[in-house]
Amino acid sequence: MIHILTEPFDPWQVLADYQKTHIDGKHSYGATGVFVGTMRDFNDAHGVQQMELSHYPGMTEKQTEKIINRITDEWDVLDVLVCHRVGVLLPSDPIVMVAVWSHHRVDAFEVSRAVMEKLKSEAPFWKKEVRDNSDKHWVEKNTAGYKGV
Amino acid sequence: MITVKYFASLQDTVGKAEDKLDASANLSIEAIWQTLHNTPLPKGMLVSLNQEYAALTDPVKDGDEVAYFPPVTGG
């Protein structure tokens, strides 16, 4: 399931609610993988006081759903929940949550990471940061992703 | 009629979020940009057709929705 949220959200409350309504009663899951991304107060050595996240309504949901379907086709997953903020965010505000339920840990770990990496490179969202000097600046690229262990 | 959308920094560049274009001519996504802005699409920009990623050479027909935007930075 995908939620694009225009207001601040508490990922742990959303997770608890989703768990109650969609997962409880399914006794075959043995792993839950959760990633939460929050807004930093710095980027590329600049202080950042605020961020404006925009998206392409319709295409964002469509592409996110495609990402989830493509990845879950390759892994043994019971359910995936993605929540992503748009609008004005302040430091420490949650930006994104990806939660994955699966029988075994490997699928929960791998799918949550893969969905996040693809979200950052394929889902049409754009960040504009307001720096400490009040200058507005479009973020041109995301930070590098997973490098392996 | 073709709906043309702009997002993020490209929306700032063109100064609007949307254009409409008569679909009388058979144009590619790249040619639509040229027709509307009289300049090449800035390098590195992405394009979509009916909310799917597309190529600059893809043809556009009446009723389609085309969008131009910079690389995405969500998550």
Side-chain angles (χ1 to χ4, degrees), chain A residues 2 4-5 35-40 43-44 48 51-67 82-87 89 94-98 112-129 136-146, chain B residues 1-21 23 27-37 39-75:
Chain A
I2 301 156
I4 307 297
L5 304 163
F35 175 87
V36 175
T38 50
M39 186 195 151
R40 289 188 309 269
N43 191 29
D44 286 340
V48 181
M51 196 161 70
E52 297 166 16
L53 249 163
S54 58
H55 74 307
Y56 182 169
M59 181 169 175
T60 301
E61 292 85 344
K62 200 172 176 179
Q63 295 305 316
T64 304
E65 193 171 351
K66 282 180 78 171
I67 289 167
V82 172
C83 299
H84 201 299
R85 269 297 310 280
V86 293
L89 287 91
I95 302 172
V96 60
M97 176 180 73
V98 175
S112 60
R113 184 166 64 210
V115 168
M116 261 319 296
E117 295 301 330
K118 288 295 178 189
L119 266 179
K120 291 184 86 84
S121 59
E122 294 179 16
F125 292 97
W126 300 275
K127 292 184 184 117
K128 186 187 234 180
E129 56 191 29
K136 290 190 173 185
H137 178 86
W138 285 104
V139 176
E140 291 178 1
K141 61 179 172 57
N142 273 325
T143 50
Y146 178 66
Chain B
M1 194 66 72
I2 294 164
T3 302
V4 180
K5 295 189 172 200
Y6 312 103
F7 291 94
S9 57
L10 215 45
Q11 194 175 97
D12 291 350
T13 303
V14 301
K16 53 186 156 183
E18 193 172 308
D19 268 319
K20 294 280 186 188
L21 183 68
L27 297 171
S28 67
I29 292 177
E30 187 169 30
I32 285 175
W33 176 276
Q34 285 272 7
T35 302
L36 289 169
H37 304 288
T39 177
L41 180 67
K43 280 205 165 99
M45 294 297 120
L46 304 177
V47 295
S48 66
L49 180 60
N50 299 324
Q51 303 186 353
E52 297 287 353
Y53 283 101
L56 287 171
T57 51
D58 284 352
V60 181
K61 61 182 190 314
D62 191 26
D64 281 348
E65 179 177 297
V66 180
Y68 302 85
F69 47 83
V72 303
T73 55

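What you see is a predicted model, and the numbers here were worked out from it, not measured in a lab. Convention: sequence-line order gives letters A, B, ...; per-chain numbering from 1.
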Is any side-chain heavy atom of B/Val60 less than 4.5 Å from a side-chain heavy atom of B/Leu27?
no
Angle class for the B/Phe69/B/Tyr53 ring planes (parallel below 30°, perpendicular above 60°, tilted otherwise)?
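The rings of B/Phe69 and B/Tyr53 stand perpendicular, inter-plane angle above 60°.
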Which bit of [X] is near chain B, if near means a heavy-atom gap under 4.5 Å: side chain, backbone, both or neither?
{"X": "A/Lys120", "result": "both"}
{"X": "A/Glu52", "result": "neither"}
{"X": "A/Lys127", "result": "both"}

Look at B/Lys5, B/Glu65, B/Glu52 and state which one has the largest set of heavy-atom pairs under 4.5 Å with chain A.
B/Glu52
At a 4.5 Å cut-off on heavy atoms, which part of B/Asp12 comes close to chain A: side chain, backbone, both, or neither?
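Contact with chain A is through the side chain of B/Asp12 alone.
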Residues that A/Lys118 engages under salt bridge (Lys or Arg N to Asp or Glu O under 4.0 Å), provided they are two or more places apart:
A/Glu122
Residues pairing under side-chain hydrogen bond (donor to acceptor under 3.5 Å, both in side chains) where one sits in residues 28-37 of chain B, two or more places apart or in two chains, turn out to be B/Tyr6-B/His37
If the threshold is 4.0 Å, N to carboxylate O, is there a salt bridge linking B/Lys20 and B/Glu18?
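Counted as a salt bridge, because a side-chain N and a carboxylate O are separated by less than 4.0 Å.
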